[in-house]
Amino acid sequence: MAFCKDFNARTQHIKSDVPMSVIVTAYKDNSFEFTIKSPSVSYFLKKAAGLQLGSRKPGHQLVGQVTMKHIYEIAKIKQTDPLSQYLSLEAICKSIMGTARSMGIEVVHELQK
């Protein structure tokens, strides 16, 4: 019961439809700790490009576009994750750009009208 109360208190600011990764560690003395990570990069990219799914044929079929500004904003969010906190913002941006390519999402400097 304590876990539920603590979890709800720490996640009340997050929308209910946003997928979150949580690492829960339970100890023998019935104590626990948990780490809440931000949503996956693919979630943010699909949201920024306005997509439901990525490409069925990445590298051959483009399904959307995101700007460098989107990449930068996603990188700033992902930098708060425990595994990414020691990486440079540039390294995180390059990783996000690779994920976008593998999903069939083109990275452009500005969206064309």
| task | Show your reasoning for whether side-chain contact (heavy atoms from CB on, under 4.5 Å) applies to R10 and I36. | result | CA-CA 9 Å; R10 287 182 50 190; I36 300 171; 4.2 Å; yes
| note | Looking only at heavy atoms, the pair that brings Q65 and E106 closest together is NE2-OE1, 3.0 Å
| field | Sequence-distant partners of E73, side chain to side chain donor-acceptor pair (under 3.5 Å), two or more places apart | value | none
| task | Would you please name every residue forming a side-chain contact (heavy atoms from CB on, under 4.5 Å) with D29, sequence neighbours left out? | result | Y27, S31
| note | Sorted by chain and residue number, the side-chain contact (heavy atoms from CB on, under 4.5 Å) partners of K28 (sequence neighbours excluded) come out as none
| task | Return the minimal non-hydrogen interatomic distance between Q12 and A9, and the atom names on each side. | result | CG-O, 3.6 Å
| said: Using modelled atom types and a 3.5 Å cut-off, is there a donor and acceptor pairing between side-chain atoms of T67 and backbone atoms of V108? | reply: no
| said: Within a 6.0 Å radius of atom CD on E90, are there more than 12 heavy atoms belonging to other residues, nucleotides or ligands? | reply: no
| query | Any chance CG of N8 has more than 12 other-residue heavy atoms, nucleotides or ligands included, within less than 6.0 Å? | reply | yes
| field | ring-ring contact (aromatic ring centres under 6.0 Å, His included) contacts in which one or both residues fall within residues 39-68, not counting sequence neighbours | value | none
| query | F34: what forms a ring-ring contact (aromatic ring centres under 6.0 Å, His included) with it, not counting sequence neighbours? | reply | F3, F7
| note | Contacts of D6 meeting salt bridge (Lys or Arg N to Asp or Glu O under 4.0 Å) (sequence neighbours excluded), chain-then-number -> none
| Any pair counted as salt bridge (charged side-chain N to carboxylate O under 4.0 Å, His left out), so long as it reaches residues 61-70, sequence neighbours left out | none
| Does one hydrophobic cluster hold both M20 and F32, with members joined at side-chain heavy-atom distances below 4.5 Å? | yes
List the atom pairs, donor and acceptor, that lie under 3.5 Å between side-chain atoms in residues 92-103 and the rest of the protein, sequence neighbours left out.
residue : atom : partner : partner atom : Å
T99     : OG1  : S95     : O            : 3.1
S102    : OG   : T99     : O            : 2.8

| said: My understanding is that a hydrophobic cluster links ILVMFWY residues whose side chain heavy atoms are under 4.5 Å apart, including indirect links. Using that, what else belongs to the cluster containing Y72? | reply: L89
For residues 78-86, dump all side-chain donor-acceptor pairs below 3.5 Å to protein atoms at least two apart in sequence or in another chain.
residue : atom : partner : partner atom : Å
K78     : NZ   : S38     : OG           : 3.3
K78     : NZ   : P39     : O            : 2.9
K78     : NZ   : D81     : OD2          : 2.9
T80     : OG1  : I77     : O            : 2.7
D81     : OD1  : S38     : N            : 3.0
D81     : OD1  : S38     : OG           : 3.0
D81     : OD2  : S38     : OG           : 3.1

| task | Is it possible for you to say whether L62 and L45 belong to one hydrophobic cluster, with membership spreading through side-chain heavy-atom contacts below 4.5 Å? | result | no
| field | Listed once per pair and sorted, the salt bridge (charged side-chain N to carboxylate O under 4.0 Å, His left out) pairs that draw on residues 37-50, sequence neighbours left out | value | none
| said: Within the 4.5 Å heavy-atom criterion, are V66 and I74 side-chain neighbours or not? | reply: no
| query | Which atom pair, heavy atoms only, marks the closest approach of V63 to L51? | reply | O-CD2, 3.3 Å
| task | For the residue pair V22 and T35, establish whether any side-chain heavy-atom pair is separated by less than 4.5 Å. | result | no
